[in-house]
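Heads up: the structure comes next, in structure tokens.
What you see is a predicted model, and the numbers here were worked out from it, not measured in a lab. Convention: sequence-line order gives letters A, B, ...; per-chain numbering from 1.
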Amino acid sequence: MNLEFTVEELAFQREVREWFTENVPASLKARSDNGQMPDKDEQHGWEQTLGKKGWLAVGWPAQHGGPGWTATQRYIFDLERARAGAPPASPFGVSMVGPVLYTFGSADQKKRHLTGIVSGDVHWCQGYSEPNSGSDLASLKTAAVRDGDHYVVNGQKIWTTQAHWADWCFCLVRTDPVVKQQQGISFLLIDMSTPGIEIRPIHSIDGHHHLNEVYFTDVRVPVENLVGSEGMGWTIAKFLLTHERTTIAGVADSKREIERLKQMLKDTKQGSGCRWDDAFARRRVAELEIDLAALEYTNFRTVAATEEGKGLGAESSGLKIKGTELQQAITQAMVELGGHLSLTWDNDEPVGNFAFNRTRERYNFLRAATIYGGTNEIQKNVIAKMLLGL
Amino acid sequence: MDFRLSDDQRLLDDSASKYLAGQYSFDLYRKQLSDGIAFDSSRWSAMAELGWMALPFPESVGGFGGSLVDIQLIARRLGERLCTDPWLTCAILPGKLLEFVGTDSAKRLLADIAAGTARGAMAALETNGHYDPGLIATRVTESGDGIRLHGIKSVVFGAEYAHVLLVTARAQNGEAMLVAVPSTADGLTLNNYRVVDGSRASEVVLSGVRLPASAVLARGRVVIDAVKRAMDVANAAICADLLGAASAMLKRTQEYARTRKQFGVTIGSFQVIQHYLVDMFIETQQSESLVWMAGILGDTPDCADREQAISTAKAYISRSAVLVAQKSVQIHGGIGVTEELDIGHYFRRVTHHAQLFGDRDHHVQRYMACQQRDGKC
Ligand SMILES: Cc1cc2nc3c(=O)[nH]c(=O)nc-3n(C[C@H](O)[C@H](O)[C@H](O)COP(=O)(O)OP(=O)(O)OC[C@H]3O[C@@H](n4cnc5c(N)ncnc54)[C@H](O)[C@@H]3O)c2cc1C
């Protein structure tokens with residue numbers, strides 16, 4: 001056993017750190033220093049900057065435009081990315097549809113779509129969930145009916161993150177209403193500018209617009225946008241669930257958020273001292289760090305296993321559960337330790353430490369962390385079944 | 001032991017419940033939220049008509065001599081209905097502060113508040129003070145027949161709806177003072193903003209506000225003691241409000257679990273969801289017990305008994321209500337994290353109230369301090 005990075009890995013870490021220091025825009029850093037998410041232009045601009053450097057699709061094999069890094073390098077990269085105050089890349093292109101396309105896509109599909117994802121020029125969203133098909137995704141109803149060279153799509157998706165920012169949507173649609181649920185599902189790429197698509201915003205409890213309802217009315221999608229064959233949608237969706245999960249625990253961002261919390265406590269005066277003098281506050285932070293250590297080393301062990309070529313199975317569910325619980329605990333501590341400073345909602349001028357004034361954004365938004373990507377209850381069902389044989 | 005409400009209390013509770021059901025709604029709450037207001041003068045008058053402003057104040061100032069439990073009965077209904085009207089922050093809290101300092105000038109002001117004709121706001125806390133009303137940087141200088149105030153009071157709830165701000169400040173010699181600052185005073189600026197539960201608060205900036213010496217309502221130790229005691233009254237009400245909000249969330253979430261279907265069955269048929277709901281139910285039961293405990297044992301001038309009772313309740317209920325709120329969102333899934341459904345708004349109210357005038361950590365610390373002082377103050 002050896003818990004240290006190699007000399008090469010340390011050199012890589014220095015290189016990455018330097019690059020981030022020089023390239024993360026000040027506006028982006030200022031936002032993340034206050035716990036706020038970037039807007040569309042900032043997010044896309046940043047992804048293009050990474051794309052130019054060849055560091056956007058970091059999990060991809062070299063032949064498809066990735067840097068060809070080891071899992072440990074990707075892990076280091078993510079740590080340094082978060083440390084520098086840069087947001088994670090939007091997952092829909094680089095972590096989801098990209099790997100699907102280079103694994104299952106046709107030569108034409110690869111040619112058409114991969115470069116735009118690697119460069120950060122083309123943006124994607126994920127059209128899986130429907131009003132009555134959330135946890136029970138396989139019951140989805142959005143229909144794609146073959147009509148000559150096209151599929152005609154009718155139905156409704158919901159919770160579609162960033163649909164209003166996206167050029168393309170990868171969708172699960174029902175191409176066969178008769179066979180067993182899972183077998184009638186297909187994976188379709190839909191150009192968001194196609195006539196018949198209507199996007200309606202949903203505002204979430206952080207007060208922002210990330211989510212949407214997407215309505216499809218007689219949307220004509222060329223058959224060449226079908227990935228794999230008809231009925232393969234479920235297999236592809238399951239492939240994605242176990243693919244590239246080394247960052248699912250969110251260790252890098254949680255680490256950074258705990259550091260940020262400490263700094264916020266030190267920067268906030270209380271009487272003649274500061275909030276960090278409060279032993280209860282320091283205890284809260286210590287407990288978060290201890291939980292982070294457990295998660296981080298579990299994540300290391302998992303990363304090490306993927307290096308040895310072992311695929312990541314249901315273990316990723318454990319990382320997701322603990323990772324999201326920790327994210328929520330950190331944001332809750334942030335809100336609570338700020339006292340009344342955390343209660344302000346729309347003040348432009350700082351009330352004391354402005355970073356505390358904005359803690360409720362992440363706290364509110366990250367209530368969704370135990371819901372999206374498969375709820376934590378569903379993740380536990382997976383572990384019970386796959387790992388414990390229950 | 002008797003936990004039954006008196007006939008008068010049942011009447012009060014019923015009328016509060018009926019009034020809010022008729023005059024307040026989620027749609028109205030949302031409209032006010034988007035308009036950036038948390039006050040309605042006709043509702044204020046109606047509440048005064050119902051006696052809610054006079055309720056807990058002594059008869060000598062026109063009040064009804066009601067108890068802390070009476071306050072809690074109304075607060076619980078406000079929480080249950082998601083009502084952001086500043087009844088607590090513009091009537092009860094400033095009124096109690098005036099009652100507790102007890103000087104003649106304070107009583108005259110209190111009479112107007114109890115009558116519903118004036119609204120106040122307590123401006124006691126500052127950005128560098130966390131929850132401690134003793135940490136005051138605002139200065140008062142006395143000269144001849146007048147005073148001047150310099151400083152910033154922070155997150156003053158309800159300030160923009162108040163006619164008079166009750167400002168704490170320190171004199172050159174360190175003595176605390178309570179000063180009545182009319183909202184129209186020169187040199188007074190309010191920077192208003194929305195807070196997490198959808199109500200409003202302000203930074204109160206005092207730039208050399210000049211007032212007659214008669215504006216000083218009280219001075220000395222009584223000022224901080226009265227602020228603490230008024231905050232304890234507020235916390236008893238906040239606990240009841242949290243109970244109301246948590247009960248409403250539990251009810252809605254139960255209903256949702258009974259109707260939302262996934263995998264061909266209601267999600268309430270999954271045992272994990274059942275156990276969540278059972279935990280939430282038990283938590284609200286225990287919270288209710290401590291709400292009434294705080295209402296009865298906290299209704300005393302004896303600061304040791306009072307602080308222990310209030311901090312016990314607030315420490316427990318703030319954790320418990322937050323847990324109910326978080327689980328309610330989780331059981332709702334995606335729809336729980338949106339602004340479209342009331343669940344998300346209850347979630348924000350609970351977040352807000354759980355740390356209004358002290359979160360769990362603060363009240364556990366105060367409980368520990370009570371123990372260390374061995375029952376003395
Ligand atoms: C912020 C956010 C972003 C999202 N982004 C996207 C996106 O970009 N694209 C997309 O397609 N979807 C997205 N989703 C949707 C997300 O995947 C679903 O919300 C999730 O799968 C849960 O579905 P649901 O909301 O319908 O809840 P439901 O499935 O109705 O679940 C309600 C509750 O029941 C529980 N439950 C359900 N089944 C079981 C069971 N068998 N055993 C025990 N408990 C159970 C759940 O855990 C939950 O607590 C997003 C959601 C959120 C909140």
>> Please classify the contact of B:Ile335 with chain A as side chain, backbone, both or neither, using a heavy-atom distance under 4.5 Å.
In response: both

> Contact part of B:Gln326 toward chain A, heavy-atom cut-off under 4.5 Å: side chain, backbone, both or neither?
Replying inline: both

>> Using only atom types and a distance under 3.5 Å, with no angle test, would you say the side chain of A:Gln36 pairs donor to acceptor with the backbone of A:Thr359?
In response: no

>> Is the terminal nitrogen or CZ of B:Arg349 (NZ for Lys, CZ for Arg) located under 6.0 angstrom from the six-membered ring centre of B:Phe347 and within 45° of that ring's axis?
In response: no

> Of the listed residues (A:Asp206, A:Asn353, A:Thr344), which shares the most heavy-atom pairs with chain B below a 4.5 Å separation?
Replying inline: A:Thr344

>> For chain B, which candidate among A:Gly271, A:Ala138, A:Ser272 shows the most heavy-atom pairs at distances under 4.5 Å?
In response: A:Gly271

>> As an exercise: rank B:Phe263, B:Tyr131, B:Tyr193, B:Phe357 by heavy-atom pairs under 4.5 Å with chain A and give me the winner.
In response: B:Phe263

> Tell me, side chain or backbone of A:Ile158 under 4.5 Å from chain B's heavy atoms, or both, or neither?
Replying inline: neither

> chain B heavy atoms under 4.5 Å from A:Arg284: which part of the residue, side chain, backbone, both or neither?
Replying inline: side chain

>> Please confirm whether the ring centroid of A:His208 lies under 6.0 Å from the ring centroid of A:His203.
In response: no

> Checking B:Val272 against chain A: side chain, backbone, both or neither under 4.5 Å from a heavy atom?
Replying inline: side chain

>> Need one label for A:Leu366: side chain, backbone, both or neither, based on atoms under 4.5 Å from any heavy atom in chain B.
In response: neither

> Is it true that the side chains of B:Ser154 and B:Thr127 contain a donor and an acceptor less than 3.5 Å apart?
Replying inline: no

>> Does any backbone or side-chain atom of A:Ser342 lie under 4.5 Å from a heavy atom of chain B? Answer side chain, backbone, both or neither.
In response: both

> Under 3.5 Å, side chain of A:Thr331 to main-chain N/O of A:Gln328, donor-acceptor pair present?
Replying inline: yes

> Are B:Asp361 and A:Arg283 within salt-bridge range, i.e. N to O under 4.0 Å?
Replying inline: no

> Looking at the rings of A:His340 and B:Phe157, which for Trp means the six-membered one, are their centres under 6.0 Å apart?
Replying inline: yes

> Given that the side chain runs from C-beta out, which part of A:Thr370 has a heavy atom under 4.5 Å from chain B: side chain, backbone, both or neither?
Replying inline: both

> For A:Gln181, is it the side chain, the backbone, both, or neither that has a heavy atom closer than 4.5 Å to a heavy atom of chain B?
Replying inline: neither

> Between A:Glu377, A:Lys380, A:Arg360, which has the largest tally of heavy atom pairs under 4.5 Å with chain B?
Replying inline: A:Glu377

>> I'd like to verify something: which residue of B:Arg348, B:His352, B:His362 has the highest number of heavy-atom pairs under 4.5 Å with chain A?
In response: B:Arg348

>> What part of A:Asn381 gets within 4.5 angstrom of chain B, counting heavy atoms only: side chain, backbone, both, or neither?
In response: neither

> Counting only N and O atoms by type, is there a donor-acceptor contact under 3.5 Å from the side chain of A:Ser133 to the main-chain atoms of A:Ser129?
Replying inline: no

> Would you find a donor on one side and an acceptor on the other, under 3.5 Å apart, between the side chain of B:Asp132 and the backbone of B:Gly129?
Replying inline: no

> Out of B:Ala137, B:Ser318, B:Gly333, B:Gly334, which one racks up the most heavy-atom pairs below 4.5 Å with chain A?
Replying inline: B:Gly334

>> Just by distance, no angles: are the side chains of A:Gln327 and A:Ser254 close enough, under 3.5 Å, to form a donor-acceptor pair?
In response: no

> If you count heavy-atom pairs under 4.5 Å with chain A, which of B:Arg360, B:Arg260, B:His332, B:Glu126 comes out on top?
Replying inline: B:Arg260

>> Looking at chain B, which one of A:Asn357, A:Thr375, A:Asp278 has the largest number of heavy-atom pairs inside 4.5 Å, strictly under?
In response: A:Asp278

>> If I measure from the heavy atoms of chain B, does A:Tyr363 come under 4.5 Å with its side chain, its backbone, both, or neither?
In response: side chain

> Heavy-atom distance under 4.5 Å to chain A: side chain of B:Ile136, backbone, both or neither?
Replying inline: neither

> Among B:Glu340, B:Lys261, B:His345, which has the most heavy-atom pairs under 4.5 Å with chain A?
Replying inline: B:Glu340

> Is a side-chain donor or acceptor of B:Gln274 paired with a backbone partner of B:Gly268 at a separation under 3.5 angstrom?
Replying inline: yes

> Of the listed residues (B:His130, B:Glu339, B:Arg200), which shares the most heavy-atom pairs with chain A below a 4.5 Å separation?
Replying inline: B:His130

>> Using side-chain heavy atoms (C-beta onward) and a distance below 4.5 Å, is A:Asn212 in contact with A:Ile202?
In response: no

>> Are there over 12 heavy-atom neighbours, none belonging to B:Asp35, within less than 6.0 Å of that residue's CG?
In response: yes

> Most heavy-atom pairs under 4.5 angstrom with chain B, which of A:Leu343, A:Asn376, A:Asn347?
Replying inline: A:Leu343

